Colleague: 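Mind looking over this structure? Questions follow.
All values below were derived from every heavy atom in this structure, side-chain atoms included, with hydrogens, water molecules and symmetry-related copies excluded. Order of the sequence lines fixes the chain letters, A, B, ..., with proteins taken first and strands second; residue numbering starts at 1 for each chain. Since we're looking at a predicted model, the values are computed, not measured.
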Number of protein chains: 2
Amino acid sequence: MNIKDVAEKSGLPAKTIRYYEEIGLIRPLRQANGYRVFRDSDLHKLAFLGRARSLGFSIEDCRALMALYEDKSRASADVKGVALAQLDRIEAKIAELQAMKRTLSDLVTACAGDGRPECPILVGLAEGACC
Amino acid sequence: MNIKDVAEKSGLPAKTIRYYEEIGLIRPLRQANGYRVFRDSDLHKLAFLGRARSLGFSIEDCRALMALYEDKSRASADVKGVALAQLDRIEAKIAELQAMKRTLSDLVTACAGDGRPECPILVGLAEGACC
DNA sequence: ATAAGGTTTCCAGTCACGGGAAGGTCAAGG
DNA sequence: CCTTGACCTTCCCGTGACTGGAAACCTTAT
């Protein structure tokens with residue numbers, strides 16, 4: 001398989017696949033002409049990476065998860081640890097965004113949104129509505 | 001006021017304040033020795049920027065909000081438009097994170113997290129638990 | 001022979017800063 | 001007067017995870 005095929009099948013852009021090779025997440029073979037050639041195992045790894053990334057795992061998390069994936073004597077506790085840390089980050093981010101949302105929607109609600117210059121949003125930002 | 005005072009009062013790092021000057025968000029004066037000197041109006045702008053940033057507005061949003069803040073003949077509808085767009089982005093991000101959270105917490109729940117190698121998290125990532 | 005559509009590498013840019021170096025300035029103390 | 005230490009300045013590089021684009025090579029079809 002050439003890069004375009006594997007890009008279509010994995011759902012990742014070719015650029016991203018090249019980048020993943022550059023940082024050592026995958027190691028496709030090379031043809032005599034220099035073209036990358038991807039085995040099924042490379043495609044599986046890329047699909048794995050795409051899913052892990054879509055769950056918000058960092059590249060370094062992905063590297064650790066890939067290593068665990070390939071280590072048949074791993075302990076599932078190690079995987080769970082990585083996943084729980086990511087879950088904590090997600091929950092913290094959600095909480096942060098919900099706080100932003102509350103403040104911002106209060107401001108938005110208070111603003112008439114018409115042609116007049118008076119604006120509670122600007123007043124809030126100027127005087128400390130959020131912190 | 002020198003940069004350190006205004007950093008303390010605004011809660012922004014001095015580096016950030018210099019950066020904001022570099023990109024034209026503020027224009028502090030200069031002393032003869034080259035030191036920046038901040039007026040109260042600069043401090044107010046920095047506080048405004050800090051709050052806008054803490055609500056997730058991009059730098060370009062902040063630039064637009066500052067312009068509206070200084071334009072006494074603005075229409076509050078323009079401010080509200082910027083804020084609503086940001087609110088949409090926040091809500092979209094929350095929804096995305098909640099989807100991640102659901103998938104990931106399902107995987108985490110299914111994983112024993114002990115010394116054995118069997119791991120539903122890795123299986124899920126390998127076989128398409130998320131998309 | 002040429003055109004189209006692959007592929008390669010390399011370089012630069014993104015966003016909003018943060019780290020750190022090299023050097024200038026200022027006030028206090030000896 | 002000299003030094004110390006705390007400021008301040010500019011400059012450049014690095015971050016994360018790519019994305020865009022240029023220049024050049026390869027393959028296949030016409």
Colleague: Going from CG on B/Leu25 to SG on B/Cys62, what distance comes out if it is rounded to the nearest 0.5 angstrom?
Modeller: 7.0 Å

Colleague: Can you name the nearest heavy-atom pair linking B/Val108 to A/Ala83, along with the distance?
Modeller: CG2-CB, 3.6 Å

Colleague: Taking CZ in A/Arg116 as the centre, count heavy atoms belonging to other residues, nucleotides or ligands within less than 6.0 Å. Is the count above 12?
Modeller: no

Colleague: Nearest to the A/Ser58 side chain among D/dC7, D/dA17, D/dT9, which nucleotide is it?
Modeller: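 Nearest listed nucleotide: D/dA17.
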
Colleague: Please name the pair of heavy atoms, one in B/Leu107 and one in B/Pro120, separated by the smallest distance, quoted to 0.1 Å.
Modeller: CD2-O, 3.7 Å

Colleague: Pick one: which of B/Arg27, B/Lys15, B/Arg36 meets salt bridge (Lys or Arg N to Asp or Glu O under 4.0 Å) with B/Glu21?
Modeller: B/Arg36

Colleague: If I take atom CD1 in residue A/Ile26 and atom C1' in nucleotide D/dA17, what distance separates them, rounded to the nearest angstrom?
Modeller: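 After rounding, the gap between these two atoms is 15 Å.
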
Colleague: Quickly work out the A/Arg30 CZ to D/dC26 C1' distance and round it to whole Å.
Modeller: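 Rounded to the whole Å, the gap is 14 Å.
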
Colleague: Contact between B/Asp71 and B/Asp78 at the side-chain level, heavy atoms closer than 4.5 Å - yes or no?
Modeller: no

Colleague: Heavy atom of residues 35-45 of chain A under 4.0 Å from DNA chain D: which residues?
Modeller: A/Tyr35

Colleague: Please name the pair of heavy atoms, one in B/Lys101 and one in A/Ile90, separated by the smallest distance, quoted to 0.1 Å.
Modeller: CB-CG2, 3.9 Å

Colleague: Among the clusters formed by ILVMFWY side chains lying less than 4.5 Å apart, do A/Leu46 and A/Tyr35 turn up in the same one?
Modeller: no

Colleague: Going from CD1 on B/Ile17 to NZ on B/Lys45, what distance comes out if it is rounded to the nearest 0.5 angstrom?
Modeller: 14.0 Å

Colleague: Short question: side chain of A/Arg51, backbone of B/Ala126 - any donor-acceptor pair under 3.5 Å?
Modeller: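 Pair found, side chain donor or acceptor close to backbone of B/Ala126.
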
Colleague: With a non-hydrogen cut-off below 4.0 angstrom, is A/Ile23 in contact with a base, only sugar-phosphate, or nothing?
Modeller: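 The residue A/Ile23 makes no contact with any strand.
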
Colleague: Just to be sure I understand the geometry, which residues of residues 83-91 of chain A put a non-hydrogen atom under 4.0 Å away from DNA chain C?
Modeller: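 Correct list: empty, so none.
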
Colleague: Stepwise, does the side-chain contact (heavy atoms from CB on, under 4.5 Å) test hold for B/Arg89 with B/Asp61?
Modeller: CA-CA 13 Å; B/Arg89 280 191 294 269; B/Asp61 281 343; 2.8 Å; yes

Colleague: Between A/Lys72 and A/Arg74, is any pair of side-chain heavy atoms under 4.5 Å apart?
Modeller: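 In contact.
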
Colleague: Give me the atom names and distance for the closest heavy-atom approach of A/Ser58 to A/Arg53.
Modeller: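 The pair with the smallest heavy-atom distance is CA-NH1, 3.8 Å.
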
Colleague: Going by number, which of residues 5-22 of chain A have a non-hydrogen atom under 4.0 Å from DNA chain D?
Modeller: A/Pro13, A/Lys15, A/Thr16, A/Tyr19, A/Tyr20

Colleague: Whole-Å distance between D/dC26 C1' and A/Lys4 NZ?
Modeller: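 My rounded result for the distance is 16 Å.
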
Colleague: Between the axis at one end of the helix from C/dA1-D/dT30 to C/dG30-D/dC1 and the axis at the other (five pairs apiece), what's the angle to 10 degrees?
Modeller: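 The end-segment axes of the helix from C/dA1-D/dT30 to C/dG30-D/dC1 are tilted 40° relative to each other.
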
Colleague: Mind checking which nucleotides bracket the chain B contacts on DNA chain C, 5' to 3', with an atom under 4.0 Å from a heavy atom?
Modeller: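 With heavy atoms of chain B under 4.0 Å away, the range is C/dA16 to C/dC26.
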
Colleague: With sequence neighbours excluded, give me every ring pair (Phe, Tyr, Trp, His ring centres under 6.0 Å) pair touching residues 49-75 of chain B.
Modeller: B/Phe48-B/Tyr69

Colleague: Please examine the side chains of A/Leu49 and A/Ile26, heavy atoms only from C-beta on, and report whether any two atoms are closer than 4.5 Å.
Modeller: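 The answer is yes; the side chains approach within 4.5 Å.
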
